[in-house]
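Atoms considered below: every heavy atom in the structure, side chains included; atoms not considered: hydrogens, waters and symmetry mates.
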Protein chains: 2
Amino acid sequence: MAVTIKDVAKKAGVAPSTVSRVIADNPRISLDTKKRVRKAMKDLGYHPNINARNLAVRSSQAIGVIMPSSADKALQNPFFPEVLRGIGSFAHETEYSLYVSTGGNDQEVFEEVQRMVNGNRVDGIILLYSRIADPVQQFLTEKKFPFVIVGKPSEQESEITYVDNNNFKASKDLTNHLIDIGHRHIAFIGGSTELTVTVDRFNGYKSAIEEADLPLPNEYTVHAEFLKSGGRDAVEQLFALDQPPTGLVVADDLMTLGVINTLEEIGLSCPQDVSLTSFNNLYLSEITTPPLTTVDIQIYQLGVQSARCLIEKAKDKDEPAKRIIVPYEIKFRQSTRSITSEPVE
Amino acid sequence: MAVTIKDVAKKAGVAPSTVSRVIADNPRISLDTKKRVRKAMKDLGYHPNINARNLAVRSSQAIGVIMPSSADKALQNPFFPEVLRGIGSFAHETEYSLYVSTGGNDQEVFEEVQRMVNGNRVDGIILLYSRIADPVQQFLTEKKFPFVIVGKPSEQESEITYVDNNNFKASKDLTNHLIDIGHRHIAFIGGSTELTVTVDRFNGYKSAIEEADLPLPNEYTVHAEFLKSGGRDAVEQLFALDQPPTGLVVADDLMTLGVINTLEEIGLSCPQDVSLTSFNNLYLSEITTPPLTTVDIQIYQLGVQSARCLIEKAKDKDEPAKRIIVPYEIKFRQSTRSITSEPVE
DNA sequence: CTGAAAGCGCTAACAG
DNA sequence: CTGTTAGCGCTTTCAG
């Protein structure tokens with residue numbers, strides 16, 4: 001069918017193994033024959049068959065990327081194309097390919113991981129989410145299959161390679177910013193508490209609040225889904241309180257969008273009535289009304305770094321577990337405003 | 001290393017070829033031996049090596065998904081995770097895997113396609129964008145490699161399988177809606193004119209305007225990038241006209257978001273001063289302020305259908321080119337309002 | 001209904 | 001520096 005290494009060998013008047021060596025750019029081949037072989041390859045339009053090579057070397061030059069199951073509405077978050085872009089960029093450079101999985105539910109995701117691992121389809125896996133007691137993580141750990149997490153593992157932190165931001169500190173900074181500009185009643189809206197990222201961001205918020213001796217009633221912490229309805233309930237509840245917050249730390253830009261919308265509906269506006277801060281610096285956080293004060297977590301870099309780590313790890317299984325913390329930067333925009341006087345309690 | 005077909009064969013007391021037949025569920029194998037073999041597979045924890053199989057059958061049970069190069073900011077559009085989800089869903093059912101490419105620029109995208117095709121990594125390719133004179137399309141056509149386009153090809157329409165919406169009609173409907181509720185000055189904001197989707201949506205708009213005998217000055221058509229800056233210029237220009245539009249047809253929800261933002265900045269608001277309609281019904285179009293009147297193009301379905309077509313085509317290369325039109329539905333929300341009197345000209 | 005044997009296209013010792 | 005020879009793990013005739 002297609003042109004094989006043998007055809008090239010024949011045409012160039014060498015042995016197949018020589019051709020193979022030329023492909024690998026083996027230094028022990030004379031420049032002269034290399035040239036001849038390369039010419040033959042070009043003339044014949046030769047392209048190596050990946051499957052054959054993979055079979056021979058027992059690897060696949062591919063990495064698997066696991067997204068959260070699409071049952072999670074979270075998948076609609078532009079976070080994902082953006083990490084993917086980072087991963088893809090590094091993968092392209094190193095000539096790795098990308099396998100992605102979007103299972104419809106957790107079960108399907110797990111099946112896909114199994115297929116990737118057991119079938120030798122990929123050399124390693126990047127998990128794009130991290131939540132507690134994840135069977136996928138357990139499976140991978142047991143199999144001793146190379147993987148890295150974008151985010152922070154909830155268990156065995158020291159044995160797993162991961163790339164993350166300092167979400168605790170970022171969240172603390174954000175909260176402190178609100179405090180600095182005069183807010184005294186600050187609430188937190190996060191996603192599922194199963195996700196480590198939510199936990200970290202919550203803890204950062206909490207730490208800042210406590211250090212500043214501000215009130216931290218239970219009602220000031222809500223965990224909503226990304227869905228509009230969830231966000232709505234959360235906001236309505238929050239602003240029905242005797243002492244509604246004047247500042248909010250929201251765990252994700254997309255959620256913030258929902259919050260703004262709900263606020264409008266109940267007759268409050270941002271930043272006049274309430275200051276909003278959030279996370280991710282998605283492209284759209286610049287074009288919302290108002291543009292959001294948000295933490296730029298450098299999604300693209302998260303992707304690049306995770307790919308780099310994974311490939312290192314796939315190449316050398318003994319590579320120790322490492323942790324990479326990508327720096328963040330707070331983008332100050334118009335969703336926050338300083339307040340001087342506090343409503344009377 | 002891993003457990004192979006031979007190990008299973010030995011354990012079950014049969015020949016490797018028999019095991020292979022069991023895997024393929026060949027009807028000529030007695031139920032008895034099938035059971036025995038399956039038990040052996042289970043006991044040993046056997047999983048077929050995909051590479052070996054692919055090599056033997058010259059296929060890969062994988063499909064390639066090509067996104068636009070990430071130079072296009074468009075990639076941040078939640079459209080992509082959503083199609084991917086559709087594709088993934090069908091792929092999962094049929095046990096195909098997904099290879100994705102996100103090249104950093106057009107050149108890289110092209111390289112990735114070549115790698116996929118030449119290296120036998122995938123059985124077919126889904127293109128997630130369609131623009132005029134695309135070298136990737138040409139390459140695939142020449143190679144007679146199975147592929148389908150999400151969107152409409154700009155050339156050789158009848159020879160290429162694609163799945164699309166009736167963007168012309170959807171756009172016309174949208175425009176007519178604005179006309180119905182009293183708008184007489186309606187402008188169009190689209191993306192790159194290289195993209196066929198932009199062209200179709202523009203033509204639908206144009207057709208409605210012409211049929212209603214409304215003004216269609218050149219200044220009423222602007223093509224902006226998704227980037228904020230681009231959108232801003234467009235809007236400023238539009239509303240500096242002697243006769244600014246009161247209604248807008250915008251080719252994408254994300255762009256609309258930028259438009260709303262810019263409007264606010266120049267002191268106009270939606271829908272009081274201008275009515276906005278757009279496309280895609282991204283999740284976020286519900287949670288913006290105001291929620292958008294937009295065309296639900298059923299992104300997920302576009303994904304599912306494209307995967308279905310591709311797989312049919314990959315299985316039978318003689319499958320004729322087909323066209324699948326996914327129905328759309330206009331979601332009427334709060335970004336439009338009817339006007340009775342027209343500003344004096 | 002099942003086994004033996006060849007081969008998919010490539011790599012990797014091992015010779016020379 | 002290069003050729004020879006085995007495989008990698010699976011499928012698939014061809015016999016039986």
Peer 1: So Ser17(A), base contact, sugar-phosphate only, or nothing? Heavy-atom distance under 4.0 Å.
Peer 2: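 Base contact - Ser17(A) has a heavy atom under 4.0 Å of at least one base atom.
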Peer 1: Taking only side-chain N and O atoms of Thr33(B), does any of them lie within less than 4.0 angstrom of OP1 or OP2 on dC1(C)?
Peer 2: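 No, Thr33(B) has no side-chain N/O under 4.0 Å of OP1/OP2 on dC1(C).
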Peer 1: Let me have the donor-acceptor pairs involving side chains of residues 6-19 of chain A, under 3.5 Å, with sequence neighbours excluded, atom names and distances please.
Peer 2:
unit_1: Asp7(A); atom_1: OD2; unit_2: Thr4(A); atom_2: N; d: 2.8

Peer 1: Rounded off to whole Å, could you give me the CD1-to-C1' distance for the Ile29(A) and dA12(C) pair?
Peer 2: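 Taking atom C1' of dA12(C) as the reference, CD1 of Ile29(A) is at 13 Å.
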Peer 1: Output the rounded distance in Å from CG (Asp25(B)) to P (dT12(D)).
Peer 2: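 Distance check: Asp25(B) CG to dT12(D) P gives 14 Å.
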Peer 1: How bent is the helix from dC1(C)-dG16(D) to dG16(C)-dC1(D), comparing axes over its five end pairs at each side, to the nearest 10°?
Peer 2: 30°
Peer 1: Any side-chain N or O of Arg58(B) less than 4.0 Å from the OP1 or OP2 oxygen of dC8(C)?
Peer 2: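 Answer no for this pair, as no side-chain N or O of Arg58(B) is under 4.0 Å from OP1 or OP2.
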Peer 1: Specify the separation, in whole Å, of atom CG of Asn51(B) and atom C1' of dG7(D).
Peer 2: 15 Å
Peer 1: Check the distance between dG9(D)'s P and Tyr46(B)'s OH and give it to me in whole angstrom.
Peer 2: 10 Å
Peer 1: Working to the nearest 0.5 Å, report the span between CZ of Phe90(B) and OG of Ser306(B).
Peer 2: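 Going from CZ on Phe90(B) over to OG on Ser306(B), the span is 9.5 Å.
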Peer 1: Among the nucleotides dG3(D), dT11(D), dT11(C), which one has an atom lying closest to any side-chain atom of Arg53(A)?
Peer 2: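 The answer is dT11(C).
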Peer 1: For Lys317(B), does the NZ atom have more than 12 heavy-atom neighbours from other residues, nucleotides or ligands under 6.0 Å away?
Peer 2: yes
Peer 1: Among residues two or more places apart or on two chains, list those pairs meeting salt bridge (charged side-chain N to carboxylate O under 4.0 Å, His left out) that have a residue in residues 18-28 of chain A.
Peer 2: Asp25(A)-Lys34(A), Asp25(A)-Arg38(A)
Peer 1: With respect to the side chain of Arg21(B), which nucleotide from dT11(C), dC8(C), dG3(C) is positioned closest?
Peer 2: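 Output: dG3(C).
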Peer 1: Enter the distance from Ile63(A):CD1 to Ile311(A):CD1 here, rounded to the nearest 0.5 Å.
Peer 2: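 Rounded to the nearest 0.5 Å, the CD1-CD1 separation comes out at 5.0 Å.
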Peer 1: Without decimals, in angstroms, what is the distance between Asn54(B) CG and dC8(D) C1'?
Peer 2: 14 Å
Peer 1: Could you tell me how far apart Asp7(B) (CG) and dC10(D) (C1') are, to the nearest whole angstrom?
Peer 2: 13 Å
Peer 1: Nearest-nucleotide wise, let me know which of Pro27(A) and Pro16(B) is further upstream toward the 5' end of DNA chain D.
Peer 2: Pro27(A)
Peer 1: So which one's nearest nucleotide on DNA chain C is more toward 5', Leu55(B) or Thr18(B)?
Peer 2: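 Going by which nucleotide is closer to the 5' end, it is Thr18(B).
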Peer 1: Need one value for Arg28(B): base, sugar-phosphate or nothing, where a base atom within 4.0 Å counts as base even if backbone is also close, heavy atoms only.
Peer 2: base
Peer 1: Base, sugar-phosphate, or nothing: which does Val19(A) touch, judged by heavy atoms less than 4.0 Å apart?
Peer 2: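 No contact at all - Val19(A) keeps every heavy atom at 4.0 Å or more from the nucleic acid.
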Peer 1: Given side-chain hydrogen bond (donor to acceptor under 3.5 Å, both in side chains), test Tyr99(B) with Glu112(B) step by step and report yes or no.
Peer 2: CA-CA 10 Å; Tyr99(B) 252 122; Glu112(B) 302 237 328; over 6 Å; no
Peer 1: Out of dT11(D), dC10(C), dT2(C), which nucleotide sits closest to the side chain of Ala56(B)?
Peer 2: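 Of the options given, the side chain of Ala56(B) lies nearest dT11(D).
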Peer 1: Can you tell me the distance, in whole Å, between the CE atom of Met41(A) and the P atom of dG9(C)?
Peer 2: 17 Å
Peer 1: State which of dG9(D), dC14(C), dG3(C) makes the closest approach to the side chain of Thr4(B).
Peer 2: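 So the side chain of Thr4(B) is nearest to dG9(D).
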Peer 1: Would you find a donor on one side and an acceptor on the other, under 3.5 Å apart, between the side chain of Asp123(B) and the backbone of Ser60(B)?
Peer 2: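 Checking the backbone N and O of Ser60(B) against the side chain of Asp123(B), a donor-acceptor pair under 3.5 Å is found.
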Peer 1: Pick the nucleotide of DNA chain C nearest each of Leu31(B) and Ile23(A); which residue has the one closer to the 5' end?
Peer 2: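 The residue closer to the strand's 5' end, by nearest nucleotide, is Leu31(B).
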Peer 1: From the set dC10(D), dG3(C), dC10(C), return the single nucleotide nearest to any side-chain atom of Asn49(B).
Peer 2: dC10(D)
Peer 1: Distance from Phe139(A) atom CZ to Phe147(A) atom CZ, nearest 0.5 Å?
Peer 2: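 Here the interatomic distance stands at 11.0 Å.
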Peer 1: Of the nucleotides dT2(C), dT2(D), dT4(D), which one has an atom closest to the side chain of Ala15(A)?
Peer 2: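 In terms of side-chain proximity for Ala15(A), the closest of dT2(C), dT2(D), dT4(D) is dT4(D).
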Peer 1: How long is the line joining CG of Asn26(B) and P of dC14(D), in whole Å?
Peer 2: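 Spelled out: CG on Asn26(B) to P on dC14(D) is 16 Å.
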